[in-house]
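Reviewing the structure listed below.
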Amino acid sequence: MSKLQYKPNDHNVSGVTILQDVHERNSDLKYVAFKLIQLDEQATYAEELTDKEVCIVVLTGKASVKTGDQLFEELGTRDSVFEKKPTDSVYISKDSTFKIAAKSACKIALCYAPATEKRQAQVIRAADNSVEHRGKYQNKRMVHNILPDSSAVSSSLLVVEVYTDGGNFSSYPPHKHDQDNLPEESFLEETYYHEIDPEQGFVFQRVYTDDRSLDETMSVEHGDVVSVPKGYHPVGVPDGYTSYYLNVMAGPKKIWKFHNDPDHEWILKRK
Ligand SMILES: O=C[C@H](O)[C@@H](O)[C@H](O)CC(=O)O
């Protein structure tokens, strides 16, 4: 299996299962870190942040989040990500503590990035997500912008979720953002947390560089994480299945300026 691909764990302690935990010590990532936790009803999970900020995304179920003297309640809008509606999230800054309490069984994504300054904790309600329908032909996909680069909420963190129906590609035509070379291109590392409906499905993801010094093509399954330290990173979805992924991006500057693979950019010119 590719070193970029992470299979889920299932070690449950006191009602909390850390399904995914990708960070700089087990990946080539220096900016982005990602956790996926599953909480049994009434279970709690707490953390102390020092030099990182976090976006807590309530993927499924209902939860509350307490940080300092702020309590964000009634978080979560769906029992499955495949209800295809935005959900609620909470942004928490560096040098903070937080505690998540599960009001129902829930799945929570913890999306981390380095923070340069202390900011106000904020709830990002589902209604605050802008929804984009991108692409045509067989590269149609829907994007929920939780923390786009235009958001003033975070210091360096970008978080989006993407839905791709069967027979389509997303993150396509292949693009990359691995050069700190604005205005041409920004440097943003990325993680993909994948879910597939129905769950026995798989999607193909390729991560590759222009010189092919990195060129990994993966069969990605439900619950897998793929790390993208650099390179192009398209996803293809077989007929009959629906793909969901949650993207976390971060780098030296919170700007998403990507560069399309010139070999494939022509597809954008079709009428
Ligand atoms: O760089 C961003 C990621 O590749 C995805 O979020 C991608 O942009 C989603 C898409 O437009 O297909």
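Both counts, for ligands and for their atoms, begin at 1 and track the order of listing. Any value given below was found using the heavy atoms of this structure, including those in side chains, with hydrogens, waters and symmetry copies removed.
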Query raised in the report: Can you list the atoms of ligand 1 that are under 4.0 Å from a heavy atom of Val162?
Result: 6 (O), 9 (C)

Query raised in the report: For atom 2 (C) of ligand 1, which of Lys140, Glu190, Met142 has the closest heavy atom?
Result: Glu190

Query raised in the report: Which atoms of ligand 1 are found less than 4.0 Å from any heavy atom of Trp256?
Result: 1 (O), 2 (C), 8 (O)

Requested in this report: Would you check if Lys94 and Leu49 make a side-chain contact, meaning some heavy-atom pair closer than 4.5 Å?
Outcome: no

Requested in this report: Looking only at protein heavy atoms, identify the closest one to atom 10 (C) of ligand 1 and say how far it is in Å.
Outcome: Arg141 NE, 3.3 Å

Query raised in the report: Non-hydrogen atoms of Met249 versus ligand 1: any pair closer than 4.0 Å?
Result: yes

**Report entry** Proximal ligand 1 atoms for Ser170, defined as those under 4.0 Å from one of its heavy atoms
**Finding:** 12 (O)

**Report entry** For atom 6 (O) of ligand 1, closest protein heavy-atom neighbour
**Finding:** Asn247 OD1, 2.7 Å

Query - Carboxylate-amine/guanidinium proximity below 4.0 Å for Glu195 and Lys107 - result: yes

Report task. Scan side-chain atoms only and decide if Tyr232 and Asp178 contain a donor-acceptor pair under the 3.5 Å cut-off. Result -> no

Query - Parallel, tilted or perpendicular: ring planes of Tyr31 versus Phe187, cut at 30 and 60 degrees - result: perpendicular

Report task. Please say whether Ser171 places an N or O atom under 3.5 Å from an N or O atom belonging to ligand 1. Result -> yes

Requested in this report: Give the numbers and elements of all ligand 1 atoms closer than 4.0 Å to a heavy atom of Val160.
Outcome: 6 (O)

Query raised in the report: So Trp256 and His175, would you call those rings parallel, tilted or perpendicular, with 30° and 60° as cut-offs?
Result: perpendicular

Report summary line: ligand 1 atoms nearer than 4.0 angstrom to some heavy atom of His233 are 1 (O), 4 (O)

Query - Parallel, tilted or perpendicular: ring planes of Phe204 versus Phe202, cut at 30 and 60 degrees - result: perpendicular

Query raised in the report: Is Tyr163 touching ligand 1 with its side chain, its backbone, both, or neither, if touching means heavy atoms under 4.0 Å apart?
Result: neither

Query raised in the report: Quick check: does Arg134 get an N/O under 3.5 Å from an N/O on ligand 1?
Result: yes

Query - Any donor-acceptor N or O pair under 3.5 Å, side chains Tyr6, Asn26 - result: no

Report task. Evaluate the salt bridge (charged side-chain N to carboxylate O under 4.0 Å, His left out) criterion for residues Lys257 and Asp149: first the C-alpha distance (whole Å), next the side-chain angles of each, then the deciding distance (0.1 Å), finally the verdict. Result -> CA-CA 10 Å; Lys257 182 69 170 74; Asp149 63 352; over 6 Å; no

